[in-house]
Amino acid sequence: MNDQPGAGAELYELFPSVQHTYQRIAEWTGIDVQRIFEEERQPGQEHRQGIGAIRQAAAVLGIADVLAEEYGITPAAVCGLSFGALVGATLAGSVERQDLFTLLMRLREVPPPAADNGPQAVAMLRIPYDTATDDLLAGVPDVYLSADLGKVGTGQERMVLLGGYRSALQEFGAGFPAGALHVSDDHGAAFHSPLQQHISDFLEPTLEAMTFHDPRVPVHSCMERKALTTAEEIRDLFRRNPTAPVSVPHMIGGLEDGGTELGLVLGPAAFGTFQSAAFPVVHVESPDHVFEAMTAVYDFGIELPSTEAGVAQ
């Protein structure tokens with residue numbers, strides 16, 4: 001996960017705008033800044049239960065504030081994968097920052113799913129690039145597509161993540177060569193699958209109470225190849241995020257459709273996810289990266305202040 005202790009600390013020390021961002025987040029969450037930076041996830045604790053999601057969102061928003069306030073770099077479009085989609089929508093102004101952190105605090109209180117059918121898990125599998133996942137999983141009970149991570153290797157294959165009950169994933173994996181399907185020991189939740197419906201149900205009152213706005217710039221969905229431009233589309237993104245599969249090709253393809261010239265991946269992220277894009281991409285996580293982003297903006301002739309696509313993961 002992209003939520004390791006220390007994320008954002010260097011920028012916090014250097015930029016007053018980042019310090020202000022974190023101080024506001026501390027006020028909204030009741031979690032002091034030092035704890036946001038330092039607290040580690042406990043063994044067996046899911047991403048949503050620890051401070052990791054708050055730390056990750058804080059880092060992305062802090063970097064966005066530095067780019068905007070210090071250098072006049074603001075996004076012409078945003079996107080994000082999985083949890084990053086929620087942060088991306090916030091960067092686009094569709095969700096108030098305080099509301100985002102209220103939601104993240106509620107996520108920490110989600111009860112575990114019913115254990116009637118055993119523990120859940122996530123598995124990684126390489127498949128031929130042209131394989132239809134609907135056909136792959138047809139008739140396979142309790143195994144679902146969680147994420148399409150796109151092309152890997154020479155481009156003849158793609159990586160998918162599957163979510164389901166651990167026993168069902170292991171049974172499904174038995175039909176492949178040894179080692180082809182790897183069931184993770186680190187994740188006990190079948191994220192982005194129907195097995196996470198309990199999260200959607202728990203969060204519904206919070207989402208119902210939130211005010212969603214039309215985004216200032218398009219939010220490119222990670223669930224379909226589509227630019228979201230209305231408040232209701234963003235509300236739907238938030239509602240479906242726990243249970244719907246996500247797709248890197250959909251997300252990057254949408255940015256390409258929108259004519260993206262330069263992408264900035266903000267904060268701690270699996271940067272390699274974005275390297276298949278047709279446009280250049282720069283990772284911005286440290287003070288040095290901020291200056292690299294400025295250089296890239298000028299090198300590629302991007303006009304300020306309305307500039308490149310911002311990418312949150």
Side-chain angles (χ1 to χ4, degrees), residues 1-2 47-48 53-54 56-58 60-61 64 75-107 110 144-150 161 163 189-258 260 263-267 269-270 273-274 309-313:
M1 298 298 295
N2 305 312
H47 179 64
R48 67 175 184 271
I54 292 169
Q56 191 176 351
V60 172
L61 295 176
V78 299
C79 70
L81 188 69
S82 185
F83 166 73
L86 311 186
V87 183
T90 306
L91 284 177
S94 194
V95 175
E96 300 294 337
R97 292 186 177 192
Q98 184 171 358
D99 284 349
L100 173 68
F101 285 96
T102 296
L103 182 70
L104 297 185
M105 292 299 287
R106 286 294 287 161
L107 269 172
V110 173
Y144 307 91
L145 175 68
S146 290
D148 180 355
L149 301 183
L161 299 181
F191 56 81
H192 298 300
S193 82
L195 300 187
Q196 299 293 284
Q197 184 61 44
H198 67 290
I199 298 179
S200 294
D201 294 341
F202 183 82
L203 294 180
E204 182 55 31
T206 303
L207 293 176
E208 187 63 32
M210 288 172 58
T211 299
F212 290 84
H213 310 279
D214 291 348
R216 292 189 297 266
V217 297
V219 176
H220 288 280
S221 176
C222 60
M223 298 177 188
E224 49 265 316
R225 191 162 175 162
K226 178 182 179 182
L228 310 180
T229 59
T230 70
E232 283 309 307
E233 287 176 326
I234 300 299
R235 186 188 296 274
D236 180 65
L237 170 73
F238 272 65
R239 281 180 166 148
R240 294 169 57 204
N241 194 273
T243 57
V246 297
S247 166
V248 171
H250 284 336
M251 183 179 67
I252 293 179
L255 289 172
E256 292 172 346
D257 293 343
T260 297
L264 301 185
V265 179
L266 307 186
T273 300
F274 303 95
V311 182
Q313 186 187 23

According to salt bridge (charged side-chain N to carboxylate O under 4.0 Å, His left out), does anything in residues 87-98 pair up with another residue at least two apart or in another chain? List the pairs. D65-R97
Minimum heavy-atom distance between V60 and G267, given as atom pair plus value: CG2-CA, 4.3 Å
My understanding is that only residues two or more places apart in sequence, or in another chain, count here; which of them pass side-chain hydrogen bond (donor to acceptor under 3.5 Å, both in side chains) with R239? E204, E208
Sequence-distant partners of D214, side-chain hydrogen bond (donor to acceptor under 3.5 Å, both in side chains), two or more places apart: none
Separation of L228 CG from L237 CG (nearest 0.5 Å): 6.0 Å
Could you tell me which non-hydrogen atom of A57 sits nearest to which non-hydrogen atom of L104, and how far apart they are? CB-CD1, 4.1 Å
Quick one: does R216's side chain have a donor or acceptor within less than 3.5 Å of a partner on L91's backbone? yes
Taking all atoms of both residues into account, what is the closest heavy-atom pair of L207 and L103, and its distance? CD2-CD1, 4.0 Å
Run the side-chain donor-acceptor check on residues 75-82: report pairs under 3.5 Å with partners two or more places apart or on a different chain.
unit_1 : atom_1 : unit_2 : atom_2 : d
S82    : OG     : H192   : NE2    : 2.6

Taking only residues two or more places apart in sequence or in another chain, which ones pass side-chain hydrogen bond (donor to acceptor under 3.5 Å, both in side chains) with D148? R158
Minimal heavy-atom distance between M105 and I54, with the atoms involved, is SD-CD1, 3.6 Å
Side-chain donor or acceptor of S221 paired with backbone N/O of K226 under 3.5 Å: no
Residue pair I252, T260: steps toward the side-chain contact (heavy atoms from CB on, under 4.5 Å) verdict: CA-CA 10 Å; I252 293 179; T260 297; over 6 Å; no
Sorted by first residue and then second, give each ring pair (Phe, Tyr, Trp, His ring centres under 6.0 Å) pair with at least one member in residues 204-226; sequence neighbours left out. F212-F238
Sequence neighbours excluded, every pair satisfying side-chain hydrogen bond (donor to acceptor under 3.5 Å, both in side chains) that has a member inside residues 246-257: R225-D257
Check side-chain hydrogen bond (donor to acceptor under 3.5 Å, both in side chains) between S193 and all other residues, then give those that pass, not counting sequence neighbours. none
Nearest heavy-atom pair of D99 and M210: which atoms, and what distance? CB-CE, 4.0 Å
Check whether any side-chain heavy atom of F101 sits under 4.5 Å from a side-chain heavy atom of L61, and report yes or no. yes
Any side-chain heavy-atom pair of Y144 and P245 under 4.5 Å: no
Please give me the minimum heavy-atom distance between A190 and Q196, naming the atom from each residue. O-CG, 3.1 Å
Which pairs pass salt bridge (charged side-chain N to carboxylate O under 4.0 Å, His left out) with one or both residues in residues 246-255, sequence neighbours excluded? none
Pairing residues for F191 by the side-chain contact (heavy atoms from CB on, under 4.5 Å) criterion, not counting sequence neighbours: V122, S146, L161
